[in-house]
Undergrad: 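Just dropping this structure here.
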Amino acid sequence: MITRRTATALLGLGLVSTMARPARAASPSPVVATRHGPVVGASDGPTQVFKGIRYGADTGPYRFQPPRLPDRWAETVEALAYGPACPQNGGEPNQAEDCLFLNVWTPGTDAAARPVMVYIHGGAYATGSGSDPLYDGTGLSRRGDVVVVTLNHRLNLFGHAFLKRLDGSLADSGNVGILDLIQALEWVRDNIAAFGGDPGRVMVFGQSGGGAKIATLMATPAAAGLFHAVATMSGQQVTASGPNNATTRTRAWLAALGLDEDRVAELATMDTARLLQAARTTDPVLGYGSLYFGPVLDGRTLVRHPFYPDAPSQSAAIPMIIGNTREETLAFMGPRVAPVDLTWEDLAGRMTPDVLRVDAEPGTVIAAYRAMHPDWSPHQVLVRATTAGRSWRAAVIEAELRAEAGHPTWVYQLDLPGTLEDGRTGAFHTADIPLVFGTLDRGGARMAGPDAQVVSDRMSDAFIALARNGAPGPVAGQVWPRFDLADRPTMIFDRRTRVENDPRGDERRFFARYPYVQPGT
C-alpha cells in the first residue's frame, strides 16, 4: 500500500504522477470540478488553496514536443502539494519532466468573478518554479480579494532547445516552454470561474525571466486574448534568439553530448542529468556562461521579435506596468570584492563583458560616470553602470516603444534598499517580489521594517488595481501618470514614494549611444 507520505516522496523522484494521489474520503476542504476532473484543496483561514493542479500531460514521453492536455479523471484528486519543477541545473527541489502543474489561491470558490493575477516565475528561462515561498499567494489574495495563480512549465533545453533544422519532426522544440504557458493560460480561461475568478480580467505579472516570458507572450499570436493586463518586474524581452544562433547552440550541446547530428533522435530518451550537464558547456554565441536556451524566432509560434522593431500591435490595448530596481546588478556581483576595497584602478577589470553586457570600453564608461556623479564610489559606479547598461536598458526600450505607439503604460523604479544575505544593501534584483506579494518574511535576502511594509502595501495595491480596473490608480495619494516621451514620469517606490520625471536621465542618455543587443539573443 502506498501511503500519502510515500507517494509524495516518489513524486519528488518523478516516479509517480500526482494523479496517483486519491483524496481522503471525508474532507471538509473545498472541491472544485475542473474541465479535466474534480480537485480538492485546503482552507488556510479565509483563503482556499489548491496546489499541484495538473494542466498538462506528462511531457517526458513527448520531449521537445508541444504540450498535451491531461487525460480526464473521475475520482477527486488532492491538490495539497506543489507539483514538480522542470528538470534544471541548480538546487530547485522536486524536479521531473512531468511538471505541468499550477497553484490557485482564492477567497472563495463562488461566483464572485474576482480579478485573476497569474504570476510567471523568473530564472532566465533556465531555473525556478512557481513553488517558491516568495510567491505564496495567500497574502495577495486576501489583501485584494483576488484569485492568484502560479505555475510550472518547461525550462532550459526542455523548453527551448531548437532542433527544427536537425529534425523536422521537432519543429516546435524551440518554444515549447512558451506553448506550456499558453496552455496554462487557456486552463485559466476555461476553469478559473469555478475558483471564483473572472476569465475576462486576467492579469499576468512576472519578475526577471518571468517578465521576459510575458513580453514574449505579448507578441505571440496564440496567446492573444488570454490576458488583459500585464506587469513586468525587472524582466524584458526585446529580441528573441534567431534561428541561426539557436542552431549554433544546439550543435554545441550535441558536441558536448558526443552526438553527431544524425543522432538527434537519441535526445528523446537520454537521461535528464546527462542532458543538463552537457548544457553547462560555454555558450558559443556569447562566449561566456552556459548555453542560453530561450524563445526562438521560429516562424511558427513566434513570428516576430517581442519588441523589435516596434511594440507589438497585438497587445496595443493591454495596460502594462514596467518596473525595475535601481541597483539590479548588486544581486549578481557577489561579495568577491568588498565595496570599500574596490579601487578606481581595479574597476575597469571588473567591467568584463559578462558583467557590463554592452560593447563599450570600460574606461569610457567609468570616465562618464565620474563626470556625471563625482561623489560616487567605485563600487557605486560598478553597480549603477552595469544596471543601466545591462538590466535597465531593455525596460527603457519597451516603455519608449509603447509610449511612441500610444499603448497604456506605467513605469516604476524601486529605490527602497533591502539587505542581501552577505549584508550588502541596495534595491537589488528580486527585491520587488516580496513587496508585491506581501511575503516580507520569506527568503534569505531581506526587505524588512516599517518602511518595507508601507512600500509593500503600496505596490500590492497598485498591482491589484491594474488587475481589477486596468490602471494602477493613485499611489500614496499621488496620481501615477501614464508614461510618455516628453516627461518620462516614473513612480519611485521608496521611503518617500513619489513621481519623478526621467530619473537617471543622464545614465539613460549615455547608454543610448550604444546599440542594444538582448543578452542571449
Side-chain angles (χ1 to χ4, degrees), residues 205 207 211-212 214-215 218 229-238 306-312 315-329 358 365 368-369 371-373 376 383-416 427 429 431-432 455 458-459 462-463 465-466 470-516 518:
F205 66 119
Q207 190 272 346
I214 291 168
M218 293 172 75
V230 302
T232 57
M233 309 152 63
S234 305
Q236 305 81 34
Q237 192 81 45
V238 175
F307 273 85
Y308 179 86
D310 54 12
S315 52
I318 294 179
M320 181 179 191
I321 288 176
I322 299 175
N324 75 290
T325 68
R326 190 179 60 187
E327 289 94 20
E328 295 274 6
T329 57
V358 173
V365 176
Y369 268 77
M372 291 188 293
H373 300 282
W376 285 5
V383 172
R384 295 291 290 270
T386 53
T387 290
R390 165 185 178 167
S391 299
W392 182 42
R393 184 74 178 282
V396 171
I397 291 171
E398 290 185 5
E400 289 175 340
L401 290 173
R402 281 183 59 89
E404 183 179 346
H407 303 175
T409 307
W410 294 265
V411 171
Y412 78 80
Q413 174 179 298
L414 177 66
D415 285 9
L416 184 73
H429 192 72
D432 42 3
V455 172
R458 290 170 177 169
M459 294 191 77
F463 277 50
L466 182 71
V475 176
Q478 305 169 76
V479 173
W480 185 348
R482 281 173 54 162
F483 185 81
D484 62 65
L485 295 178
D487 296 322
R488 299 174 180 268
T490 302
M491 184 62 71
I492 307 296
F493 285 101
D494 200 353
R495 294 182 178 91
R496 184 176 69 83
T497 297
R498 62 203 182 275
V499 175
E500 287 188 11
N501 288 339
D502 199 17
R504 295 186 288 170
D506 51 357
E507 298 179 70
R508 174 185 60 79
R509 288 187 292 272
F510 171 76
F511 277 108
R513 71 186 67 182
Y514 298 101
Y516 177 78
Q518 178 89 30

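Values below: every heavy atom of this structure, side chains too, minus hydrogens, waters and symmetry copies. Just so we're clear, the structure is a prediction, and the values are computed from it rather than from any experiment.
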Undergrad: Looking only at non-hydrogen atoms, find the nearest pair between Arg393 and Pro515 and report the distance.
TA: NH2-C, 4.3 Å
Undergrad: Should Gln413 and Asn324 count as side-chain neighbours, where that means a heavy-atom distance under 4.5 Å?
TA: yes
Undergrad: Heavy atoms only: give me the nearest Ala316-Pro408 pair and the separation to one decimal.
TA: O-CD, 3.3 Å
Undergrad: Report yes if the side chains of Arg384 and Met372 come closer than 4.5 Å at any heavy-atom pair, otherwise no.
TA: no
Undergrad: Quick one: closest heavy-atom pair of Thr329 and Val383, and the distance?
TA: OG1-O, 3.1 Å
Undergrad: For Gln237 and Ala394, indicate whether the former's side chain and the latter's backbone hold a donor-acceptor pair under 3.5 Å.
TA: no
Undergrad: For Thr232 and Ile322, indicate whether the former's side chain and the latter's backbone hold a donor-acceptor pair under 3.5 Å.
TA: no
Undergrad: Apply side-chain contact (heavy atoms from CB on, under 4.5 Å) to residues Phe483 and Arg402 and explain how you reach the verdict.
TA: CA-CA 9 Å; Phe483 185 81; Arg402 281 183 59 89; over 6 Å; no
Undergrad: After noting the C-alpha distance and the side-chain angles of Asp432 and Tyr412, does the key distance pass the side-chain contact (heavy atoms from CB on, under 4.5 Å) rule?
TA: CA-CA 11 Å; Asp432 42 3; Tyr412 78 80; 2.7 Å; yes
Undergrad: Considering only heavy atoms from C-beta outward, does the side chain of Asp506 approach that of His373 to under 4.5 Å?
TA: yes
Undergrad: With a 4.5 Å limit on heavy-atom distance, are the side chains of Pro489 and Val411 in contact?
TA: no
Undergrad: Verify the neighbour count for atom OH of Tyr308: are there more than 12 heavy atoms of other residues, nucleotides or ligands below 6.0 Å?
TA: no
Undergrad: Considering only heavy atoms from C-beta outward, does the side chain of Asp502 approach that of Arg509 to under 4.5 Å?
TA: yes
Undergrad: Assess whether atom CD of Glu404 is packed by more than 12 heavy atoms of other residues, nucleotides or ligands within 6.0 Å.
TA: no
Undergrad: Where is the tightest heavy-atom contact between Pro306 and Pro312, given as atom of each residue plus distance?
TA: O-CD, 3.1 Å
Undergrad: With no hydrogens and no angle check, is any side-chain donor or acceptor of Glu328 less than 3.5 Å from a backbone partner on Thr325?
TA: yes
Undergrad: Under 3.5 Å, side chain of Gln518 to main-chain N/O of Val238, donor-acceptor pair present?
TA: yes
Undergrad: How long is the gap from CE on Met233 to NE2 on His429, to the nearest 0.5 Å?
TA: 10.0 Å
Undergrad: Indicate yes or no for a side-chain donor-acceptor contact from Trp410 to the backbone of Pro472 under 3.5 Å, with no hydrogens or angles considered.
TA: no
Undergrad: Assess the residue pair Met218 and His407 against the criterion (side-chain contact (heavy atoms from CB on, under 4.5 Å)); give the C-alpha distance rounded to whole Å, side-chain angles, the decisive distance to 0.1 Å, and a yes or no.
TA: CA-CA 12 Å; Met218 293 172 75; His407 303 175; over 6 Å; no
Undergrad: Of all the heavy-atom pairs spanning Ala231 and Phe463, show the shortest one and how long it is.
TA: CB-CE2, 3.6 Å
Undergrad: Would you say the side-chain atoms of Glu327 pair up with the backbone N or O of Ala427, donor to acceptor, closer than 3.5 Å?
TA: yes
Undergrad: Out of curiosity, Asp310 CG to Glu400 CD, how far, rounded to the nearest 0.5 Å?
TA: 14.0 Å
Undergrad: With rounding to the nearest 0.5 angstrom, report the CD1 to CD distance, Ile214 to Gln207.
TA: 10.5 Å
Undergrad: Tell me the closest heavy-atom pair linking Pro503 and Arg488, and the distance in Å.
TA: CD-O, 4.1 Å
Undergrad: How many angstroms lie between CZ in Arg498 and OG1 in Thr490, if you round to the nearest 0.5 Å?
TA: 11.0 Å
Undergrad: In the structure I gave you, are the side-chain heavy atoms of Leu466 and Phe205 within less than 4.5 Å of one another anywhere?
TA: no
Undergrad: Could you give the distance from OH (Tyr516) to CZ (Arg390), rounded to the nearest 0.5 Å?
TA: 10.0 Å
Undergrad: Quick test of your reading of the model: are Arg504 and Asp415 salt-bridged, counting only N-O distances below 4.0 Å?
TA: no
Undergrad: Would you call Thr497 and Met491 a side-chain contact if the rule is heavy atoms closer than 4.5 Å?
TA: yes
